[in-house]
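Working notes for the structure below.
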Amino acid sequence: MDCGIHAREWITPAFCQYFVREILQAYKTDPKMQAMMTNMDFYVTPVLNIDGYIHSWKDNTTRLWRKNRSPGPLNCTCYGTDLNRNFNANWGTLGVSFDCCDPTFCGTKPVSEPEAQAVTYFRRKPERRLPVFPHHPLLQQDAPGSIWKPQLHRQQQR
């Protein structure tokens, strides 16, 4: 589960923490949760966009900051890329901007940002072909079907 991809969405890191607390509490008493946690790996990223998140807490002028804090491309004085629009999922099509000063700037190319690179690399490892649940209205994936193959522990693969 990826949370905190847009810096201004302060509720998503809190939701990730709540989610972890709830599944750990349920694990104590719920046999279905015990089985699920025994047979599946959970990966939770509470704050994917940490530099943007910190920047959004600076003062009232930065409260609605959305992007990361990477320097803009050559000849651009603005900072940041909208990480949600930087993944290689129909990159550069609907709902994006190529203006580096726009809040929906998608980057100079797909997966140009370190945060998007880290998530993409992590998910592409063969042992981690698993469902990804970004806590955001838009689900991002690299290629059709690439994230829908859960990897179970060896005991359930027999």
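Every value quoted in this text rests on a predicted model; they were computed, and no experiment measured them.
- Across all their heavy atoms, Asn84 and His6 have their closest contact at CB-NE2, 3.3 Å.
- The closest donor-acceptor contact from the side chain of Asn49 to the backbone of Gly52 lies under 3.5 Å.
- One N or O on the side chain of Arg8 and one on the backbone of Leu64 form a donor-acceptor pair closer than 3.5 Å.
- Between Arg63 and Trp10 the shortest side-chain heavy-atom distance falls below 4.5 Å.
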Candidate pair Cys101 and Cys78, rule disulfide bond (SG atoms under 2.5 Å apart), full reasoning: CA-CA 5 Å; Cys101 294; Cys78 298; 1.9 Å; yes
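- A donor-acceptor distance shorter than 3.5 angstrom exists from the side chain of Asp51 to the backbone of Arg69, with no hydrogens or angles considered.
- Proximity of Arg124 to Tyr121: side-chain heavy atoms (C-beta onward) are nowhere separated by under 4.5 Å.
- The closest side-chain heavy-atom distance from Lys67 to Thr81 is not below 4.5 Å.
- Of all the heavy atoms in Asn86 and Lys109, the pair that sits closest is ND2-O, 3.2 Å.
- Side chains of His55 and Asn68: no donor on one and acceptor on the other come within 3.5 Å.
- Under a hydrophobic clustering in which Ile, Leu, Val, Met, Phe, Trp and Tyr are joined whenever their side-chain heavy atoms come within less than 4.5 Å, directly or via other members, Tyr53 and Leu48 fall into different clusters.
- Note that CZ of Phe42 is 6.0 Å distant from CE of Met37, once rounded to the nearest 0.5 Å.
- Distance check, rounded to the nearest 0.5 Å: OG1 of Thr45 to CG of Asp2 gives 4.5 Å.
- Using modelled atom types, no side-chain atom of Asp82 and backbone atom of Arg66 make a donor-acceptor pair closer than 3.5 Å.
- In this structure, CG on Asn90 lies 12.5 Å from CZ on Arg85, to the nearest 0.5 angstrom.
- No single ILVMFWY cluster, assembled from side-chain heavy atoms under 4.5 Å apart, contains both Val20 and Val47.
- The minimum heavy-atom distance between Phe105 and Asp99, with the atom names listed, is CB-O, 3.4 Å.
- Remark: Ile23 CD1 to Met1 CE distance equals 8.0 Å, nearest 0.5 Å.
- Of the inter-residue distances, the one linking Glu115 atom CD with Thr120 atom OG1 reads 11.0 Å to the nearest 0.5 angstrom.
- Under the 3.5 Å distance criterion, with hydrogens and angles disregarded, a donor-acceptor pair is assigned to the side chains of Asp59 and Thr61.
- Sorted by first then second residue, the disulfide bond (SG atoms under 2.5 Å apart) pairs that include residues 32-69, not counting sequence neighbours, number zero.
- Shown here for Thr12 and Gly4, the closest heavy-atom pair between the two residues is OG1-N, 2.8 Å.
- Atom OH of residue Tyr18 and atom SG of residue Cys3 lie 13.5 Å apart, to the nearest 0.5 angstrom.
- Considering every non-hydrogen atom in both Leu83 and Glu113, the closest pair reads CD2-CB, 3.7 Å.
- Looking only at distances, a side-chain donor or acceptor of Gln34 sits under 3.5 Å from a matching main-chain atom of Tyr27.
- Contact detail for Gly95 and Thr104: the closest heavy-atom pair is O-CB, 3.7 Å.
- With sequence neighbours left out, Phe98 forms a ring pair (Phe, Tyr, Trp, His ring centres under 6.0 Å) with Trp91.
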